[in-house]
There are 2 protein chains.
Amino acid sequence: MERQTRQREAICAAIESCDRPLSPAELCEAARRRLPSLGVATVYRAIRELVASGWLRIVEIPGAAARYERAGKPHHHHFLCRICNALWEVSGCLRGVDALAPAGFVTEGHDITLYGLCHDCRGAGPK
Amino acid sequence: MERQTRQREAICAAIESCDRPLSPAELCEAARRRLPSLGVATVYRAIRELVASGWLRIVEIPGAAARYERAGKPHHHHFLCRICNALWEVSGCLRGVDALAPAGFVTEGHDITLYGLCHDCRGAGPK
DNA sequence: ATAGGTGCAAACAGTTTGCATGTAT
DNA sequence: ATACATGCAAACTGTTTGCACCTAT
């Protein structure tokens, strides 16, 4: 990430102007609205570099494509809406999560993902 | 799943003789020890049918290929070893997980995945 | 006998890589 | 001027599908 290029500006701008984590495809589509000629490979390369540099964070979701959000937020988890597929941030965590591991295992971290209906979809039928 | 075939016997036996969830590749390898000519496509087809019939359960893991375990076990979670990539069962859960959701959200379920070093890899360097 | 199952290889989707060209410094 | 970055297409990986052959019933 040594040079400032139009493609990197488009990619970073797309991430910053979105309030939810984006998948590579969503990010590519969003950045192409600013720079239509943008290639997929460039998006993947930028993601890798931004993650390596600590600017981006990978959000891995069970059963869905990984998404990316700006790094630096406090420890949190996510809520995946079954209806609209939006991924929401869930602040806070629980004590004792890491201690669930079997004896003799070394726990280095954990993920918690909640599933259900988000505020917007609760009560509404499928989109 | 209408007929009893050697390949299906090998696949089901592989699952039942293993105490942890297997990825499609692991399952294929294990079943091939019983029936070396087994094709990948057959493994995927069997997985799909066994899940549909309720005999197998999908275990989705953030950032890793899905694994499969016998259905019907009590609620539990999993531990993914960073070194050997094996997925281990973690018995128990925590109270209050579903209540982490933001107000107004309806939580229907959750996943917890722990990461770290399993008993076999703790202390050992990378394989 | 025959419908369902299998193995192979081709088709796919998502991600990565090689290379000639473009461009920020 | 010269690295570094980009776009394209080919390569890879993991999963699915089409099809001719095989086999449990």
Side-chain angles (χ1 to χ4, degrees), chain A residues 1-15 21-69 80 85 87, chain B residues 1-15 20-69 80 82 84-87 113 127:
Chain A
M1 212 62 181
E2 308 183 357
R3 292 182 187 182
Q4 176 82 339
T5 65
R6 258 165 307 138
Q7 11 289 92
R8 286 171 180 178
E9 278 168 6
I11 290 165
C12 292
I15 289 164
L22 298 174
S23 67
E26 289 171 328
L27 176 52
C28 189
E29 190 194 349
R32 273 182 175 156
R33 281 199 282 276
R34 293 171 164 85
L35 187 66
S37 66
L38 185 65
V40 224
T42 300
V43 173
Y44 280 101
R45 283 188 277 238
I47 287 175
R48 209 181 322 134
E49 284 154 19
L50 290 167
V51 168
S53 77
W55 193 86
L56 251 199
R57 200 179 83 83
I58 307 181
V59 180
E60 288 170 340
I61 303 149
R67 298 161 193 221
Y68 299 85
E69 67 182 6
L80 183 64
N85 228 21
L87 191 71
Chain B
M1 212 64 181
E2 309 183 356
R3 293 181 190 184
Q4 177 81 338
T5 65
R6 258 165 307 139
Q7 12 288 94
R8 285 169 182 179
E9 278 168 7
I11 289 165
C12 291
I15 289 164
R20 58 186 185 79
L22 298 175
S23 66
E26 289 171 327
L27 177 53
C28 189
E29 190 194 349
R32 272 181 177 157
R33 281 198 282 275
R34 292 170 166 87
L35 186 67
S37 66
L38 184 66
V40 226
T42 300
V43 173
Y44 280 101
R45 284 188 275 238
I47 286 174
R48 212 182 318 135
E49 284 154 18
L50 289 167
V51 168
S53 77
W55 192 88
L56 253 196
R57 199 179 83 83
I58 306 182
V59 180
E60 319 248 37
I61 303 146
R67 317 288 160 108
Y68 299 86
E69 67 184 5
L80 181 65
R82 206 190 77 213
C84 70
N85 251 338
L87 189 73
T113 310
K127 199 183 268 180

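Naming convention: chains lettered A, B, ... in sequence-line order (proteins, then strands); numbering from 1 in each chain.
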Colleague: Atom CD1 of B/Ile47 and atom CD1 of B/Ile15: how far apart are they, to the nearest 0.5 Å?
Modeller: 7.0 Å

Colleague: I'd like to check B/Cys12 versus B/Leu50 (side-chain heavy atoms, cut-off strictly below 4.5 Å). Are they in contact?
Modeller: yes

Colleague: Which residues within residues 28-40 of chain A lie with some heavy atom under 4.0 Å of an atom in DNA chain D?
Modeller: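 Going residue by residue through residues 28-40 of chain A, the ones with a heavy atom under 4.0 Å of DNA chain D turn out to be A/Ser37, A/Leu38, A/Gly39.
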
Colleague: Locate the shortest heavy-atom distance separating B/Arg20 from B/Leu87; write the atom from each residue and the value.
Modeller: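 Where B/Arg20 meets B/Leu87 most closely, the heavy atoms are CB-O, 3.1 Å.
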
Colleague: Rounded to whole angstrom units, what separation is found between the CD1 atom of B/Ile58 and the C1' atom of D/dG14?
Modeller: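 Whole-Å distance recorded here is 15 Å.
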
Colleague: Would you kindly give the CG-to-P distance between A/Leu27 and C/dG14, to the nearest whole Å?
Modeller: 15 Å

Colleague: Are the side chains of A/Val51 and A/Tyr68 in contact, using a 4.5 Å heavy-atom criterion?
Modeller: yes

Colleague: Expressed in angstrom and rounded to an integer, what is the separation of B/Arg8 atom CZ from D/dC22 atom C1'?
Modeller: 14 Å

Colleague: Any chance you could list the contact pattern along nucleotides 20-25 of chain C? Use B for base contacts, S for sugar-phosphate-only contacts and - for none, protein heavy atoms under 4.0 Å, 5' to 3'.
Modeller: ---BBS

Colleague: Quick one: pull up CG in B/Leu56 and CD1 in B/Ile11 and give me the separation to the nearest 0.5 Å.
Modeller: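 Between B/Leu56 CG and B/Ile11 CD1, I get 10.0 Å after rounding to 0.5 Å.
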
Colleague: Between C1' on C/dT17 and CD on A/Glu49, what's the gap in Å once rounded to a whole number?
Modeller: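 In whole Å, C/dT17 C1' and A/Glu49 CD are 14 Å from each other.
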
Colleague: Where the side chain of B/Arg67 meets the backbone of B/Val59, is there a donor-acceptor pair that is under 3.5 Å apart?
Modeller: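 A pair under 3.5 Å: no.
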
Colleague: I need the B/Glu60 CD to B/Thr113 OG1 distance, nearest 0.5 Å.
Modeller: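 Atom-to-atom, B/Glu60:CD and B/Thr113:OG1 are 10.0 Å apart.
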
Colleague: Compare the minimum distances between each of D/dT17, C/dT16, C/dG18 and the side chain of A/Arg45, then state the nucleotide with the smallest one.
Modeller: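 Of D/dT17, C/dT16, C/dG18, C/dG18 is nearest to the side chain of A/Arg45.
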
Colleague: Is any side-chain N of the basic residue among A/Glu29 and A/Arg33 closer than 4.0 Å to the acidic one's carboxylate O?
Modeller: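 A/Arg33 and A/Glu29: salt-bridged.
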
